[in-house]
Amino acid sequence: MADIFDYIQNYVRTSLGPGPICVHVENIRDCSIKQHPDYSKFRDSAITAGRRSRPGSRCRLWESMVGMGRIYDSDGDDTWQMIIMDCLSPVLRSRSWRISRELGADRADIQSDMVEVALEVWHNTITGVPAHHIRGTMAKEAVSKAYTRVKVSGRETTREGMGAFASPKNSPQATAFLPPLIVGASSSQSPHAAEIIRGEQVGAMLQALEHIGLARTHHAEIRSGTKKSTAPSMPNLARAGLPGVDHYYRLSDLLPAHIGIQQAAEFLGISETTALRMIRDASFPCPVTRMGRSYRVPVKAFMASLGIPDSPIHPDDVENGADHAASVISGIDIAEVPQGLDCPDF
């Protein structure tokens with residue numbers, strides 16, 4: 001008879017499909033490692049690596065799995081969270097059998113308690129706990145609390161666990177972490193005006209950084225259909241129902257998917273050594289993944305951790321903002337600026 005761990009495994013396999021899986025970056029095409037296993041082989045490797053690692057010791061594979069889990073969680077996707085649960089399931093299943101035999105308790109109840117506790121630990125250790133401690137903490141707490149519940153007070157939870165994994169569409173995390181589409185609009189400002197202003201601010205910034213050419217090339221590809229819009233066409237966007245509604249994109253589309261620790265450290269104004277120590281202490285601003293001996297910082301998660309919005313922007317607004325900034329800058333004669341006064345900030 002199938003147990004909750006079988007349902008979790010089926011949920012993961014349905015979510016991933018038959019293709020290869022990458023534990024280093026979200027998009028497998030961005031990974032510098034060109035050979036990737038399918039999920040069955042990956043799962044076997046993760047289970048073996050977890051069993052061989054001593055408590056508290058560093059395991060690159062599991063560190064990267066935890067990093068991917070945090071990144072996906074921030075996007076409202078529980079796929080990697082469930083992958084971690086699936087790779088923990090052999091340990092939890094064997095312990096559930098032992099507890100059931102020792103205490104004469106229902107094994108299905110014990111397993112449901114274990115899953116519930118393990119997921120609680122996952123969500124309660126987002127910050128402050130190093131990645132290499134997560135696996136051991138989840139397993140230890142799940143077994144300990146499940147044993148205590150049965151021995152002391154019996155089962156205290158409901159058996160809803162299996163139904164949550166019946167289909168990826170029914171994921172309990174599917175909407176819990178989704179960020180609002182429109183951000184930064186004050187109560188006195190319409191969302192449409194905020195959207196236009198946001199796009200123009202991005203354009204002015206790109207113009208000042210001399211990167212507007214890259215953006216214009218991206219815009220041309222979107223308008224011609226060479227590239228597809230990555231931002232959904234939502235009814236509350238300013239151009240809903242108008243031509244160009246499918247041209248929205250996000251600022252992160254102009255940036256690399258990942259950067260190295262040195263680049264991230266420079267952006268934060270700290271040394272690379274300090275950044276590495278923050279990663280080991282679980283105090284780095286965003287999740288990171290391992291690729292061989294190096295760490296990779298996902299740009300979207302890095303932006304989110306620094307409060308940089310990645311909301312939909314429209315090419316027209318970005319170009320209008322860039323054109324305005326260019327005209328203002330070109331219209332300033334530095335020789336006419338009185339001494340002691342600063343030029344305007346753009």
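What you see below is based on every heavy atom in this structure, not just the backbone, and it leaves out hydrogens, waters and symmetry mates.
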In the structure I gave you, are the side-chain heavy atoms of [X] and [Y] within less than 4.5 Å of one another anywhere?
{"X": "Ile47", "Y": "Arg51", "value": "yes"}
{"X": "Met68", "Y": "Cys22", "value": "no"}
{"X": "Arg95", "Y": "Leu92", "value": "no"}
{"X": "Arg149", "Y": "Glu116", "value": "yes"}
{"X": "His133", "Y": "Thr125", "value": "no"}
{"X": "Val143", "Y": "Val117", "value": "no"}
{"X": "Thr79", "Y": "Leu16", "value": "yes"}
{"X": "Arg98", "Y": "Arg101", "value": "yes"}

Check for a donor-acceptor pair, side chain of [X] on one end and backbone N or O of [Y] on the other, with a separation under 3.5 Å.
{"X": "Ser89", "Y": "Asp86", "result": "yes"}
{"X": "Thr48", "Y": "Asp44", "result": "yes"}
{"X": "Ser100", "Y": "Asp106", "result": "no"}
{"X": "Gln263", "Y": "Gly260", "result": "yes"}
{"X": "Trp80", "Y": "Arg70", "result": "no"}
{"X": "Ser112", "Y": "Asp109", "result": "no"}
{"X": "Asp75", "Y": "Asp77", "result": "no"}

Candidates Arg280, Arg58, Arg296, Arg135 - the one meeting salt bridge (Lys or Arg N to Asp or Glu O under 4.0 Å) with Glu63:
Arg58
Do you know which two heavy atoms are closest between [X] and [Y], and how far apart they sit?
{"X": "Val25", "Y": "Asp30", "value": "CG2-C, 4.1 Å"}
{"X": "Pro315", "Y": "His247", "value": "CD-O, 3.3 Å"}
{"X": "Leu61", "Y": "Ala49", "value": "CD2-CB, 4.2 Å"}
{"X": "Arg13", "Y": "Arg43", "value": "NH2-CD, 4.3 Å"}
{"X": "His24", "Y": "Arg290", "value": "CD2-O, 2.8 Å"}
{"X": "Ala275", "Y": "Ile261", "value": "CB-CG2, 3.8 Å"}

Side-chain ion pair, [X] and [Y], N-O less than 4.0 Å:
{"X": "Arg216", "Y": "Asp323", "value": "yes"}
{"X": "Lys300", "Y": "Asp310", "value": "no"}
{"X": "Asp3", "Y": "Arg93", "value": "yes"}

If hydrophobic clusters are built by linking Ile, Leu, Val, Met, Phe, Trp and Tyr wherever their side-chain heavy atoms come under 4.5 Å apart, do [X] and [Y] end up in the same one?
{"X": "Val23", "Y": "Ile28", "value": "no"}
{"X": "Leu254", "Y": "Ile259", "value": "yes"}
{"X": "Val299", "Y": "Met205", "value": "yes"}
{"X": "Trp97", "Y": "Ile8", "value": "no"}
{"X": "Val121", "Y": "Trp62", "value": "yes"}

Between atom [atom1] of [X] and atom [atom2] of [Y], what is the distance when rounded to the nearest 0.5 Å?
{"X": "Arg250", "Y": "Asp253", "atom1": "CZ", "atom2": "CG", "answer": "8.0 Å"}
{"X": "Ile83", "Y": "Ile21", "atom1": "CD1", "atom2": "CD1", "answer": "4.0 Å"}
{"X": "Gln201", "Y": "Leu206", "atom1": "CD", "atom2": "CG", "answer": "12.0 Å"}
{"X": "His36", "Y": "Cys31", "atom1": "NE2", "atom2": "SG", "answer": "3.5 Å"}
{"X": "Glu195", "Y": "Ile313", "atom1": "CD", "atom2": "CD1", "answer": "10.0 Å"}
{"X": "Asp73", "Y": "Trp122", "atom1": "CG", "atom2": "CH2", "answer": "6.0 Å"}

Apply the test side chain to side chain contact (heavy atoms under 4.5 Å, CB included) to residues Met138 and Ile84: give CA-CA distance (whole Å), side-chain angles for both, the deciding distance (0.1 Å), then the verdict.
CA-CA 10 Å; Met138 290 176 69; Ile84 289 171; 4.1 Å; yes
For side chain to side chain contact (heavy atoms under 4.5 Å, CB included), just list the numbers for Glu26 and Tyr72, CA-CA rounded to whole Å, side-chain angles, deciding distance to a tenth of an Å, and then say yes or no.
CA-CA 8 Å; Glu26 301 107 296; Tyr72 272 62; 3.8 Å; yes
Determine, step by step, whether Tyr249 and His219 satisfy the ring pair (Phe, Tyr, Trp, His ring centres under 6.0 Å) criterion, reporting the C-alpha distance in whole Å, the side-chain angles of both residues, the deciding distance to 0.1 Å, and the verdict.
CA-CA 9 Å; Tyr249 69 101; His219 297 169; 5.2 Å; yes
Between Met303 and Ser252, does the side chain to side chain contact (heavy atoms under 4.5 Å, CB included) criterion hold? Intermediate values first, please.
CA-CA 8 Å; Met303 290 174 60; Ser252 59; 4.1 Å; yes
Step by step, would you call Leu119 with Gln81 a side chain to side chain contact (heavy atoms under 4.5 Å, CB included)?
CA-CA 8 Å; Leu119 291 177; Gln81 178 188 144; 3.3 Å; yes
Side chains of residues 220-227: which donor-acceptor partners sit under 3.5 Å, not counting sequence neighbours?
| from | atom 1 | to | atom 2 | distance (Å) |
| --- | --- | --- | --- | --- |
| Glu221 | OE1 | Lys227 | NZ | 3.2 |
| Arg223 | NH1 | Glu319 | OE2 | 3.0 |
| Arg223 | NH2 | Asp316 | OD1 | 2.7 |
| Arg223 | NH2 | Glu319 | OE1 | 3.4 |
| Ser224 | OG | Ala220 | O | 3.0 |
| Ser224 | OG | Glu221 | O | 3.1 |
| Ser224 | OG | Thr226 | N | 3.4 |
| Ser224 | OG | Thr226 | OG1 | 2.9 |

Between Phe302 and Phe284, what is the ring plane arrangement, given parallel below 30°, perpendicular above 60°, and tilted in between?
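Parallel, since the angle between the ring planes stays under 30°.
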